[in-house]
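A quick write-up on the structure given underneath.
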Amino acid sequence: FLEIRQRYNLKWSRGDPMTHFERFFNEELTLDTMLQRIRQMIAVLPPPSMGKIIRFGCLVGLRASEVVECVRLLNSSSSEPGSPHHHYYNPERQALEHFRYKQFMRQTKKAYISFVTSEMLNIVQNLDKVPTKNAITHACQRRHIPMDMYLTRKIFASWLRKEGIQPEVVDILQGRVSQSVLTRHYLTPSHDLKDKVLESLSKLQQAISQQ
């Protein structure tokens, strides 16, 4: 890696460049490998709630703690008008609107929206009890498997890029807004952006279910 960096004068502006370079070529973080590790978690964790939350995490691209909070909100809400979380899911936009809740709008880490279908929402709705992230971690430890929930976010981003979704869109769906002039002033979404994302996520949902 060092020889390649020197030969082509590769530079990174932030952090340790070797960390990013090595991660890019890490065979343990290929998309297929990450999917297999997530399938293992889903298969061995106590049904039904923990495995469902892991699966849902791959489809929304949030951080692990945000996934759990998202599921908690969905299960504390009611479909009836007037309930506190009635407007969390916008059926016309087919999106969870995280920006409405301060717990998703932290100073350094944010989440704005996640495109999901009603079918995807059904994965985690009407759970008897929503486990905490710590509970999922302890369940993994008792079964002697790694707690790989952080991979759900990586899978989401890697899958959408594989499906041709532009990087700026993936960034926004994961709570990152570029400070570039292009993104801030000129970039506009295509009219079928939502449909393309949902089509890609539908394929991901099927891939997660494969053994």
Side-chain angles (χ1 to χ4, degrees), residues 4 8 10-15 17 19-39 41-42 52-64 66-67 70 89-99 104 109-124 148-211:
I4 293 174
Y8 295 100
L10 296 177
K11 296 180 180 180
W12 284 261
S13 59
R14 296 181 181 177
T19 300
H20 302 295
F21 200 61
E22 291 172 358
R23 183 175 59 189
F24 186 82
F25 289 101
N26 186 348
E27 293 184 0
E28 294 184 359
L29 290 179
T30 65
L31 182 54
D32 288 340
T33 302
M34 291 191 294
L35 281 169
Q36 189 55 43
R37 287 165 64 175
I38 286 299
R39 292 189 193 107
M41 286 186 68
I42 294 173
K52 290 182 176 182
I53 290 174
I54 301 296
R55 186 187 305 272
F56 188 69
C58 294
L59 302 177
V60 293
L62 300 174
R63 301 165 185 88
E66 293 170 344
V67 174
C70 172
Y89 181 67
N90 185 327
E92 294 183 2
R93 183 176 286 171
Q94 287 185 285
L96 287 164
E97 297 181 336
H98 311 300
F99 62 84
F104 293 108
K109 296 180 179 180
K110 305 183 188 301
Y112 302 108
I113 65 169
S114 295
F115 290 126
V116 289
T117 64
S118 56
E119 177 188 1
M120 294 171 186
L121 282 181
N122 287 337
I123 296 173
V124 292
D148 286 336
M149 194 171 173
Y150 74 98
L151 293 179
T152 62
R153 184 169 169 85
K154 294 179 180 292
I155 288 172
F156 174 89
S158 298
W159 186 274
L160 290 188
R161 285 299 298 128
K162 180 181 79 69
E163 291 291 310
I165 305 300
Q166 61 195 109
E168 293 84 359
V169 172
V170 177
D171 277 343
I172 291 173
L173 291 176
Q174 292 200 305
R176 299 182 297 269
V177 178
S178 171
Q179 296 301 308
S180 70
V181 174
L182 172 65
T183 301
R184 294 173 64 186
H185 299 287
Y186 298 105
L187 188 68
T188 57
S190 62
H191 69 281
D192 59 349
L193 170 64
K194 177 193 67 178
D195 295 334
K196 287 181 177 179
V197 170
L198 290 177
E199 181 181 357
S200 299
L201 293 177
S202 178
K203 294 178 184 178
L204 174 56
Q205 189 174 4
Q206 295 174 13
I208 296 169
S209 301
Q210 294 175 358
Q211 298 299 326

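The chain is numbered in sequence order, starting from 1.
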Given side chains that start at C-beta, do those of [X] and [Y] come closer than 4.5 Å, heavy atoms only?
{"X": "Thr117", "Y": "Ser202", "answer": "no"}
{"X": "Ile113", "Y": "Asn90", "answer": "no"}
{"X": "Trp159", "Y": "Cys58", "answer": "no"}
{"X": "Gln205", "Y": "Glu119", "answer": "yes"}
{"X": "Val197", "Y": "Lys194", "answer": "no"}
{"X": "Leu173", "Y": "Val60", "answer": "no"}

For the [atom1] atom of [X] and the [atom2] atom of [Y], what is their distance to the nearest 0.5 Å?
{"X": "Ile38", "Y": "Ile155", "atom1": "CD1", "atom2": "CD1", "value": "4.5 Å"}
{"X": "Ser200", "Y": "Phe115", "atom1": "OG", "atom2": "CZ", "value": "12.0 Å"}
{"X": "Leu193", "Y": "Ile165", "atom1": "CG", "atom2": "CD1", "value": "6.5 Å"}
{"X": "Ser158", "Y": "Asp32", "atom1": "OG", "atom2": "CG", "value": "10.5 Å"}
{"X": "Arg39", "Y": "Ile208", "atom1": "CZ", "atom2": "CD1", "value": "8.0 Å"}
{"X": "Tyr89", "Y": "Leu121", "atom1": "OH", "atom2": "CG", "value": "5.5 Å"}

> Under the criterion side chain to side chain contact (heavy atoms under 4.5 Å, CB included), which of Leu151, Thr30, Leu204 is the partner of Leu35?
Replying inline: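 It is Leu204; the other options fail the test.
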> Any chance NZ of Lys162 has more than 12 other-residue heavy atoms, nucleotides or ligands included, within less than 6.0 Å?
Replying inline: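 Above 12, so yes.
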> Is the number of heavy atoms from other residues, nucleotides or ligands within 6.0 Å of NZ (Lys196) greater than 12?
Replying inline: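 Atom NZ in Lys196 is not packed in, count stays at 12 or less.
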For [X] and [Y], work out which heavy atoms get closest and say how close.
{"X": "Arg63", "Y": "Gln174", "value": "NH2-O, 3.9 Å"}
{"X": "Tyr112", "Y": "Arg176", "value": "CE1-N, 4.4 Å"}
{"X": "Gly61", "Y": "Arg153", "value": "O-NH1, 2.8 Å"}
{"X": "Thr152", "Y": "Gly57", "value": "CB-C, 3.6 Å"}
{"X": "Tyr150", "Y": "Arg37", "value": "OH-NH2, 3.5 Å"}
{"X": "Ala64", "Y": "Met149", "value": "O-CE, 3.7 Å"}

>> If you apply the rule side chain to side chain contact (heavy atoms under 4.5 Å, CB included), what do you find for Leu59 with Ile123, and how did you get there?
In response: CA-CA 11 Å; Leu59 302 177; Ile123 296 173; 3.8 Å; yes
